[in-house]
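Reviewing the structure listed below.
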Amino acid sequence: MKVIKISSDILECEKSELSVEDSKLVKSSEDFLKNAYAPYSKFSVSAAVLLDNGIIINGTNQENAASPSGTCAERTAIFYANSQYPKNKVLAIAISAFFNGEIISSPITPCGACRQVILETETRYSSPIKIILSAKNKCLIINSIKDILPLTFTSEYLS
Ligand code: THU
């Protein structure tokens, strides 16, 4: 028997250290927080997806009285982007959240279902997706979903 260690590099930075492009994506996700529909959790989440044609697609969480019928911001944005622009690679996604009247102080990370969808999108376009998790001042930058979803299940297992 042997131990397999899994590790990954995640960058933590101040918002002021972001590149112009990343900062624009984060700002875009924050601007759309107001469009979240979160009457049950009161936890608004917004995702901004950057495509390789330069277009930014926004999505927010959309809740439902029958909770599993709602969906997270990340999946709203990615599915919309892939529906509108199926030929365009997803280059990056910025995620922000709002709770109790303000932008959260520590970044939230995507839920398991959203990680799996981001993985599928990376696989589909054969290109890693940069994930920028933003909070009030601090950000985390992840270079590929594989860094936070080890031992992935992909279509390779189905062939
Ligand atoms: N939520 C997201 O939109 N994205 C995440 O990564 C985590 C959670 C939403 C789902 C639900 O509407 C609310 O946040 C509370 O779980």
Side-chain angles (χ1 to χ4, degrees), residues 5-38 40-63 67 70-82 85 88-154:
K5 283 216 186 331
I6 299 173
S7 70
S8 55
D9 292 335
I10 293 174
L11 206 74
E12 187 183 82
C13 69
E14 301 288 312
K15 258 185 175 160
S16 57
E17 294 177 279
L18 289 174
S19 68
V20 173
E21 192 180 59
D22 290 353
S23 174
K24 187 178 161 199
L25 201 60
V26 166
K27 169 88 173 53
S28 175
S29 81
E30 289 176 355
D31 286 347
F32 271 76
L33 276 167
K34 60 179 186 322
N35 292 2
Y37 177 66
Y40 304 104
S41 70
K42 317 267 187 243
F43 192 80
S44 300
V45 185
S46 176
V49 164
L50 174 67
L51 301 179
D52 68 357
N53 57 2
I55 286 179
I56 293 177
I57 299 290
N58 296 90
T60 55
N61 55 334
Q62 300 292 317
E63 297 185 348
S67 62
T71 190
C72 292
E74 297 89 325
R75 276 175 287 160
T76 306
I78 290 174
F79 289 151
Y80 182 69
N82 292 164
Y85 300 97
N88 291 96
K89 253 182 209 176
V90 173
L91 299 181
I93 182 168
I95 302 159
S96 53
F98 192 84
F99 189 55
N100 272 341
E102 51 185 317
I103 292 192
I104 48 162
S105 51
S106 317
I108 59 155
T109 56
C111 75
C114 289
R115 289 180 202 209
Q116 188 68 28
V117 167
I118 296 170
L119 172 69
E120 185 76 23
T121 312
E122 283 196 355
T123 311
R124 174 177 177 174
Y125 296 105
S126 308
S127 179
I129 297 173
K130 186 199 263 193
I131 303 161
I132 309 155
L133 308 173
S134 87
K136 206 168 197 166
N137 301 308
K138 208 169 70 170
C139 287
L140 296 178
I141 301 178
I142 298 159
N143 289 318
S144 161
I145 195 67
K146 289 174 187 158
D147 289 335
I148 55 167
L149 186 67
L151 305 177
T152 54
F153 179 82
T154 63

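- Here the side chain of Gln116 pairs a donor or acceptor atom with the backbone of Phe153 at under 3.5 angstrom.
- A heavy-atom distance below 4.5 Å is found between the side chains of Cys111 and Arg75.
- Note on residues 98-111: pairs passing salt bridge (charged side-chain N to carboxylate O under 4.0 Å, His left out), not counting sequence neighbours, are Glu102-Lys136.
- Scanning for salt bridge (Lys or Arg N to Asp or Glu O under 4.0 Å) contacts around Glu12 gives Lys138, with sequence neighbours left out.
- When the shell of 6.0 Å around NZ of Lys15 is examined, it contains more than 12 heavy atoms from other residues, nucleotides or ligands.
- By the neighbour-count criterion of 12 heavy atoms within 6.0 Å, atom CD of Glu21 is sparsely surrounded, having that number or fewer from other residues, nucleotides or ligands.
- Remark: the Glu63 side chain and the Ser41 side chain contain an N/O donor-acceptor pair separated by less than 3.5 Å.
- Judged by the 6.0 Å and 45° rule, Lys42 forms no cation-pi pair with Tyr40.
- Other residues, nucleotides and ligands place more than 12 heavy atoms under 6.0 Å from the CZ atom of Phe43.
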Verdict with reasoning, Lys24 to Ile56, per side-chain contact (heavy atoms from CB on, under 4.5 Å)
CA-CA 10 Å; Lys24 187 178 161 199; Ile56 293 177; 4.3 Å; yes
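- The closest side-chain donor-acceptor pair between Thr109 and Arg115 falls under 3.5 angstrom.
- Looking at Ser28 and Asn58, their side chains do bring a donor and an acceptor atom within 3.5 Å of each other.
- Judged by distance alone, the side chain of Ser23 and the main-chain N or O of Leu18 form no donor-acceptor pair under 3.5 Å.
- Each of Ile78, Val49, Val90 was compared with Ile118 under the side-chain contact (heavy atoms from CB on, under 4.5 Å) criterion, and only Ile78 meets it.
- A donor and an acceptor atom, one from each side chain of Thr76 and Glu74, are nowhere located under 3.5 Å apart.
- For CG of Asn53, the number of neighbouring non-hydrogen atoms (other residues, nucleotides, ligands) closer than 6.0 Å is greater than 12.
- Side chains of Ile55 and Tyr85 form a contact here, defined as non-hydrogen atoms less than 4.5 Å apart.
- Side-chain contact of Glu122 with Ser127: a donor-acceptor pair under 3.5 Å is absent, judged by distance alone.
- Looking at Ser144, its side chain never comes within 3.5 Å of a backbone N or O of Asp147 through a donor-acceptor pair.
- Side-chain N/O atoms of Ser29 and Ser96 include a donor and acceptor closer than 3.5 Å.
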